[in-house]
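In this text the structure is predicted, and so the values were computed from the model without any measurement.
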Amino acid sequence: MATATKAPAKKAAPEKTVAAKKAAPAKTAAAKKASPASEAATAKPAAKKRTPNPAFMKALTLSPELSAVVGDKPLPRTEIVSKLWVYIKANNLQDQANKRMINADKKLLAVFGKPQVSMFEMAGLIGKHVK
């Protein structure tokens with residue numbers, strides 16, 4: 001008798017999941033219908049356009065070592081990094097095995113202080129060469 005009671009229980013379980021699956025799409029459809037109205041109620045006004053921080057655009061004087069690589073004009077930090085990348089790409093100084101590493105030539109060795117640096121520490125190392 002114990003086996004007879006287990007068999008109907010197994011048949012009842014799949015029916016419940018089928019009923020639950022049929023009920024679930026109805027809930028999501030109702031949620032989808034309600035979501036555009038709720039989005040309109042919670043819509044934010046248009047975001048203001050960001051203005052650049054003037055500290056990033058301030059022209060900095062360069063050390064003689066850095067001037068030899070990027071030029072002798074005062075430049076903002078963003079332009080210094082851009083010109084360094086132009087120099088690195090023009091002279092093929094990226095490591096071929098790991099493109100995140102930069103192999104320093106004579107000019108960059110004076111700036112970086114070591115023969116190989118990662119591109120993430122490059123920006124930190126030029127801080128010593130700008131005022």
Side-chain angles (χ1 to χ4, degrees):
M1 291 184 99
T3 57
T5 56
K6 285 184 183 176
K10 286 183 182 178
K11 289 182 181 177
E15 291 173 11
K16 288 182 183 177
T17 57
V18 171
K21 286 181 183 177
K22 288 181 182 176
K27 289 180 184 176
T28 56
K32 286 181 183 177
K33 290 179 184 175
S35 63
S38 63
E39 286 179 14
T42 59
K44 295 179 183 176
K48 293 181 183 176
K49 189 170 182 177
R50 287 183 47 175
T51 57
N53 188 341
F56 286 118
M57 296 298 139
K58 180 182 174 188
L60 303 169
T61 56
L62 310 174
S63 70
E65 296 87 8
L66 189 58
S67 299
V69 178
V70 298
D72 56 350
K73 294 181 187 176
L75 296 169
R77 185 177 295 270
T78 55
E79 287 295 317
I80 294 169
V81 173
S82 296
K83 289 191 181 247
L84 272 173
W85 274 109
V86 168
Y87 180 82
I88 290 166
K89 299 250 182 180
N91 293 310
N92 198 23
L93 297 176
Q94 274 185 293
D95 190 37
Q96 295 302 314
N98 185 358
K99 297 281 188 178
R100 291 180 289 180
M101 299 302 288
I102 299 162
N103 300 320
D105 62 353
K106 289 182 181 181
K107 289 182 179 181
L108 286 181
L109 187 61
V111 175
F112 296 152
K114 49 186 174 177
Q116 190 176 43
V117 297
S118 81
M119 63 186 200
F120 301 111
E121 62 182 321
M122 177 181 71
L125 291 172
I126 64 167
K128 299 173 187 173
H129 295 279
V130 295
K131 295 179 187 172

Side chain to side chain donor-acceptor pair (under 3.5 Å) partners for [X], two or more places apart:
X: Glu65; answer: Ser63
X: Lys114; answer: Glu121
X: Asn103; answer: Gln116

Grouping ILVMFWY residues whenever side-chain heavy atoms fall under 4.5 Å, the cluster of Val86 otherwise contains none
Joining Ile, Leu, Val, Met, Phe, Trp and Tyr whenever any side-chain heavy atoms lie under 4.5 Å apart, the cluster holding Met122 also takes in Leu60, Leu62, Leu66, Val69, Val70, Leu75, Ile80, Val81, Leu84, Trp85, Tyr87, Ile88, Leu93, Ile102, Leu108, Val111, Phe112, Val117, Met119, Phe120, Leu125, Ile126, Val130
Closest non-hydrogen atoms of Pro115 and Leu109, given as atom of the first, atom of the second and distance, are N-CD1, 3.6 Å
Heavy-atom nearest pair, Arg77 first then Gly127, reads NH1-CA, 4.0 Å
key: Lys99 atom NZ: more than 12 heavy-atom contacts under 6.0 Å   = yes
**Asked** Any chance CG of Asp72 has more than 12 other-residue heavy atoms, nucleotides or ligands included, within less than 6.0 Å?
**Response** no
Quick note, side chain to side chain donor-acceptor pair (under 3.5 Å) partners involving residues 51-60, not counting sequence neighbours, are none
